[in-house]
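Computation of the quantities below employed the complete heavy-atom set of this structure, encompassing side-chain atoms and omitting hydrogens, waters and symmetry-equivalent molecules. Lettering follows sequence order; numbering is per chain, from 1.
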Protein chains: 2
Amino acid sequence: MKFKPSDSELEILQILWKQGASSVRSVNEELNKNREVGYTTTLKIMQIMAEKNLVTRNTDSRTHIYTAAVNEAEARQNLLEKFVDTTFRGSAMSLVMQALGNHKASAEELAEIKDLIRKMENDAD
Amino acid sequence: MKFKPSDSELEILQILWKQGASSVRSVNEELNKNREVGYTTTLKIMQIMAEKNLVTRNTDSRTHIYTAAVNEAEARQNLLEKFVDTTFRGSAMSLVMQALGNHKASAEELAEIKDLIRKMENDAD
DNA sequence: TAGTAAATACGAACGCTTTCGTAATTTATG
DNA sequence: CATAAATTACGAAAGCGTTCGTATTTACTA
């Protein structure tokens with residue numbers, strides 16, 4: 001899978017994943033909560049994303065409705081693997097340690113992780 | 001800190017971090033273990049990196065020696081934060097869980113993580 | 001010293017992303 | 001029906017990264 005969305009594209013995918021099928025206007029409004037983006041800029045990028053098959057669009061009504069064409073979990077996994085390779089030289093454990101170390105986790109979160117570890121240890125048997 | 005190296009730049013930084021101060025030729029040879037890159041291409045990118053202060057260079061001898069000007073641990077931390085924001089919507093814990101879940105960890109690695117968690121739980125007191 | 005090899009410097013080209021102005025089209029409103 | 005408003009379509013420009021050909025400089029060698 002060669003999945004390498006640009007910054008803007010990933011930003012838009014996040015919005016589509018979060019709020020589901022959306023119009024350009026809706027996505028643009030969401031984007032503008034963080035930074036100023038012109039409407040036609042958002043439109044253009046989403047049109048390009050459609051060409052690349054990152055999204056699909058329903059053009060039945062005048063206002064086109066866009067839907068993410070890639071699965072969120074898969075995309076995350078894919079990006080995570082690449083990130084581990086490029087930034088942590090392939091060591092997922094280094095990444096986990098660093099992410100854990102520099103984040104104040106709540107007791108609940110820590111419990112969750114311990115649970116996962118316990119499961120992994122059992123699977124190893 | 002506005003640290004946003006390009007793919008090539010990060011690749012070169014990794015090499016400099018790993019093998020320390022290096023000549024362009026040395027870096028280029030290392031790059032060519034993965035993919036074909038022209039010598040002048042590598043040279044050009046490293047020159048640009050020097051302009052951006054991503055690296056420093058010693059020009060005393062004819063063969064210039066380049067050194068990473070950014071700290072590896074800090075750079076990783078910085079990139080990690082951005083990655084969590086853009087790909088995991090800010091949730092470091094989601095990232096940890098996903099990275100852990102999709103990686104077969106050895107008993108030693110799991111022990112290491114448990115150690116870290118134990119320390120974090122104590123710090124919380 | 002002349003010639004060759006190695007290294008740096010320079011500049012141009014190409015592709016991709018982002019941005020935006022403007023035109024064309026469609027829908028709603030008075 | 002005529003006008004306004006909203007939307008899509010189109011194209012161009014600017015910026016950045018990457019690549020590479022070529023010129024220039026430097027050092028070594030026969």
Side-chain angles (χ1 to χ4, degrees), chain A residues 2-16 21-67 69-70 75 79 82-83 86-87, chain B residues 2-16 21-70 75 79 82 86-87:
Chain A
K2 46 171 183 193
F3 175 59
K4 209 186 178 210
S6 72
D7 289 351
S8 295
E9 288 169 349
L10 182 53
E11 218 177 340
I12 289 173
L13 281 178
Q14 295 285 5
I15 293 173
L16 292 180
S22 309
S23 66
V24 173
R25 179 143 310 276
S26 160
V27 169
N28 184 247
E29 277 167 10
E30 195 64 23
L31 283 176
N32 273 278
K33 287 181 182 169
N34 300 325
R35 56 195 182 84
E36 206 170 303
V37 196
Y39 176 81
T40 55
T41 299
T42 302
L43 170 65
K44 180 73 162 186
I45 294 177
M46 292 178 75
Q47 285 172 338
I48 292 174
M49 291 173 77
E51 280 176 17
K52 296 180 181 172
N53 296 316
L54 286 177
V55 297
T56 57
R57 63 174 173 175
N58 181 325
T59 59
D60 289 350
S61 61
R62 180 164 83 112
T63 303
H64 298 178
I65 299 299
Y66 289 74
T67 308
V70 292
L79 294 172
K82 279 176 194 148
F83 182 69
T86 57
T87 306
Chain B
K2 47 172 181 188
F3 175 59
K4 208 188 178 209
S6 72
D7 289 350
S8 295
E9 287 169 348
L10 183 52
E11 218 177 340
I12 289 173
L13 282 177
Q14 296 284 4
I15 292 173
L16 293 179
S22 309
S23 66
V24 173
R25 179 142 312 273
S26 160
V27 168
N28 184 246
E29 275 166 11
E30 195 63 23
L31 284 176
N32 273 278
K33 288 182 183 170
N34 300 324
R35 56 195 182 86
E36 207 169 303
V37 196
Y39 176 82
T40 56
T41 299
T42 302
L43 170 65
K44 179 74 161 186
I45 293 177
M46 292 178 76
Q47 286 172 339
I48 292 174
M49 290 174 77
E51 281 176 16
K52 295 181 182 172
N53 297 316
L54 287 176
V55 296
T56 57
R57 63 174 173 176
N58 182 324
T59 60
D60 288 350
S61 62
R62 180 164 82 112
T63 303
H64 298 178
I65 300 298
Y66 290 75
T67 308
V70 293
L79 294 172
K82 279 175 193 148
T86 57
T87 306

Identify whether the distance between the nearest side-chain nitrogen and carboxylate oxygen of B/Arg35 and B/Glu11 falls below 4.0 Å. yes
Indicate every side-chain donor-acceptor pair of residues 49-60 of chain A with a distance under 3.5 Å to a residue at least two apart or in another chain.
unit_1  : atom_1 : unit_2  : atom_2 : d
A/Lys52 : NZ     : A/Glu9  : OE2    : 2.6
A/Arg57 : NH1    : A/Tyr66 : OH     : 3.0
A/Asn58 : OD1    : A/Asp60 : N      : 2.8

Please name the pair of heavy atoms, one in [X] and one in [Y], separated by the smallest distance, quoted to 0.1 Å.
X: A/Val37; Y: A/Asn28; value: O-ND2, 3.3 Å
X: A/Val27; Y: A/Ile15; value: O-CD1, 4.0 Å
X: B/Ile65; Y: B/Ala21; value: CG2-CB, 3.6 Å
X: A/Leu31; Y: A/Ile12; value: CD1-CG1, 4.2 Å

What are the atom names and distances for every N/O pair under 3.5 Å that joins the protein to nucleotides 3-6 of chain D?
unit_1 : atom_1 : unit_2  : atom_2 : d
D/dA6  : N3     : A/Arg62 : NH1    : 2.5

Find out whether A/Leu16 and A/Thr67 are in side-chain contact, i.e. whether some heavy atom of one side chain is under 4.5 Å from a heavy atom of the other. no
Beyond-backbone contact of B/Pro5 with B/Leu79, side-chain heavy atoms, under 4.5 angstrom: yes
Has B/Ser8 got a side-chain N or O lying under 4.0 Å from the OP1 or OP2 atom of D/dT18? yes
Between A/Glu9 and A/Ser61, which residue's closest nucleotide on DNA chain C lies nearer the 5′ terminus? A/Glu9
Sorted by number, the residues of residues 43-60 of chain A with heavy-atom contact under 4.0 Å to DNA chain C: A/Lys44, A/Ile48, A/Lys52
Residues of residues 32-41 of chain B with any non-hydrogen atom less than 4.0 angstrom from an atom of DNA chain C: list those, numerically ordered, please. B/Tyr39, B/Thr40
Walking along DNA chain C from 5' to 3', note the first and the last nucleotide with an atom under 4.0 Å from a heavy atom of chain A, and give both. C/dT17 to C/dT27
Euclidean distance, [Y] [atom2] relative to [X] [atom1], rounded to 0.5 Å:
X: B/Thr87; Y: B/Lys82; atom1: OG1; atom2: NZ; value: 13.0 Å
X: A/Leu13; Y: A/Phe3; atom1: CG; atom2: CZ; value: 5.5 Å
X: B/Thr41; Y: B/Met46; atom1: OG1; atom2: CE; value: 13.0 Å

By side-chain contact (heavy atoms from CB on, under 4.5 Å) - contacts of A/Asp7 (at least two apart): B/Lys4
Answer yes or no: is there a donor N or O on one side and an acceptor on the other, between the side chain of A/Ser26 and the main chain of A/Ser22, under 3.5 Å? no
